[in-house]
Amino acid sequence: AAVLGSNYEVELIVVNGVTRFTSLAGRDIDLLLYGDTHTMERNFHEKATKVGFQFSDPFFYDGLKFAGVPSAVECADNYNWSGDCTDLKICVMAGSTHQDFLDHMFPRHKLLLAESHDSYYQEFVKGSCLVIAGEQNHISQTAVRNAGFVGKYVYGRHTLTKEPLAM
């Protein structure tokens, strides 16, 4: 209130993983409140906008993990998409550091890029992908059950990255 006065207003605008940095660079929004991964690349030259952004200190550390249908999670954990694992398909958020990581680990046709968290869960529930990749809050059993998934669900054995989350 000291900076903005007592009559300030806040307008919340929904952006997704693909549009968040372009919206920020274009000044459609002033601040991202979603815990984005703080990387040196994003500090100096974020790839979608070609500009750098200033982040808060990391407030939480999480990492990329797999979860989903047990046999498919085993395939993903072992980076195996042949033999018994030919049906492997992994849902991952488009434009995320998770996508960047998985692009180097799996052929692109094994990744289903979701534009929003709703579509991420819907594709998994429909069976379009057998594995979801993300941080713990995104792959939690509660989140996928709330989205309508009713099958057997397991978490992978490995944390593949360490993500410093910041605003």
Side-chain angles (χ1 to χ4, degrees), residues 14-24 31-49 52-82 85 87-125 127-147 149 151-167:
V14 177
V15 294
N16 63 37
V18 175
T19 63
R20 67 189 189 271
F21 289 115
T22 54
S23 295
L24 188 59
L31 175 69
L32 289 171
L33 294 177
Y34 188 80
D36 284 293
T37 305
H38 180 180
T39 65
M40 186 174 287
E41 176 186 38
R42 288 178 175 169
N43 263 355
F44 295 101
H45 188 78
E46 190 275 326
K47 65 183 170 186
T49 61
F53 297 98
Q54 186 172 354
F55 289 84
S56 68
D57 289 335
F59 58 86
F60 186 74
Y61 288 86
D62 202 348
L64 174 64
K65 296 179 183 185
F66 296 124
V69 176
S71 59
V73 170
E74 183 70 24
C75 294
D77 264 350
N78 292 321
Y79 304 110
N80 184 5
W81 55 88
S82 62
C85 299
D87 291 337
L88 178 65
K89 190 80 157 190
I90 303 168
C91 281
V92 63
M93 291 299 297
S96 66
T97 55
H98 300 150
Q99 178 196 342
D100 292 343
F101 181 84
L102 294 176
D103 276 343
H104 296 290
M105 307 306 289
F106 293 92
R108 178 51 74 92
H109 70 277
K110 292 297 179 181
L111 304 178
L112 192 154
L113 305 181
E115 298 280 326
S116 70
H117 284 101
D118 286 341
S119 66
Y120 173 79
Y121 296 123
Q122 289 167 3
E123 294 298 335
F124 180 70
V125 170
S128 301
C129 57
L130 302 174
V131 172
I132 56 175
E135 292 154 354
Q136 186 59 45
N137 61 320
H138 296 133
I139 66 169
S140 74
Q141 190 159 172
T142 301
V144 296
R145 299 288 182 215
N146 287 341
F149 185 73
K152 189 166 182 187
Y153 189 80
V154 299
Y155 297 102
R157 297 183 314 271
H158 310 290
T159 300
L160 306 170
T161 63
K162 184 175 182 181
E163 307 279 334
L165 303 178
M167 289 193 283

Shortest non-hydrogen separation from Phe124 to Val131 and the atoms involved: CE1-N, 4.1 Å
Asp118: side chain to side chain donor-acceptor pair (under 3.5 Å) partners, not counting sequence neighbours: none
Straight-line distance of Ser71 OG to Leu130 CG, nearest 0.5 Å: 7.0 Å
From Met93 atom CE to His98 atom NE2, the distance as rounded to the nearest 0.5 Å: 10.5 Å
Gap separating the CG atom of Leu111 from the CD atom of Gln99, nearest 0.5 angstrom: 7.5 Å
Residues forming a ring pair (Phe, Tyr, Trp, His ring centres under 6.0 Å) with Phe106, sequence neighbours excluded: Tyr79, Trp81
Closest non-hydrogen atom pair between Ile139 and Gly134, with its separation: CG2-N, 3.6 Å
Considering all heavy atoms, the nearest Val73-Ala67 contact: CG2-C, 3.3 Å
Closest non-hydrogen atom pair between Arg145 and Tyr153, with its separation: NH2-CB, 3.6 Å
CD1-CD1 distance between Ile132 and Ile90, expressed to the nearest 0.5 angstrom: 11.5 Å
Least distance between heavy atoms, Tyr155 atom then Gln136 atom: CE2-NE2, 3.7 Å
From CA spacing to verdict: side chain to side chain contact (heavy atoms under 4.5 Å, CB included), Leu160, Phe66: CA-CA 9 Å; Leu160 306 170; Phe66 296 124; 3.4 Å; yes
Which atom of Cys85 lies closest to which atom of Lys110, heavy atoms considered: O-NZ, 4.4 Å
Exam field: side chain Tyr121 to backbone Phe149, donor-acceptor pair closer than 3.5 Å: no
Nearest-0.5 Å distance that lies between atom SG in Cys91 and atom CG in Leu112: 4.5 Å
Atom pair CG (Asp103) and CG (Leu113), whose distance is rounded to the nearest 0.5 Å: 7.0 Å
Qualifying residues under salt bridge (charged side-chain N to carboxylate O under 4.0 Å, His left out), relative to Asp77, sequence neighbours excluded: Arg157
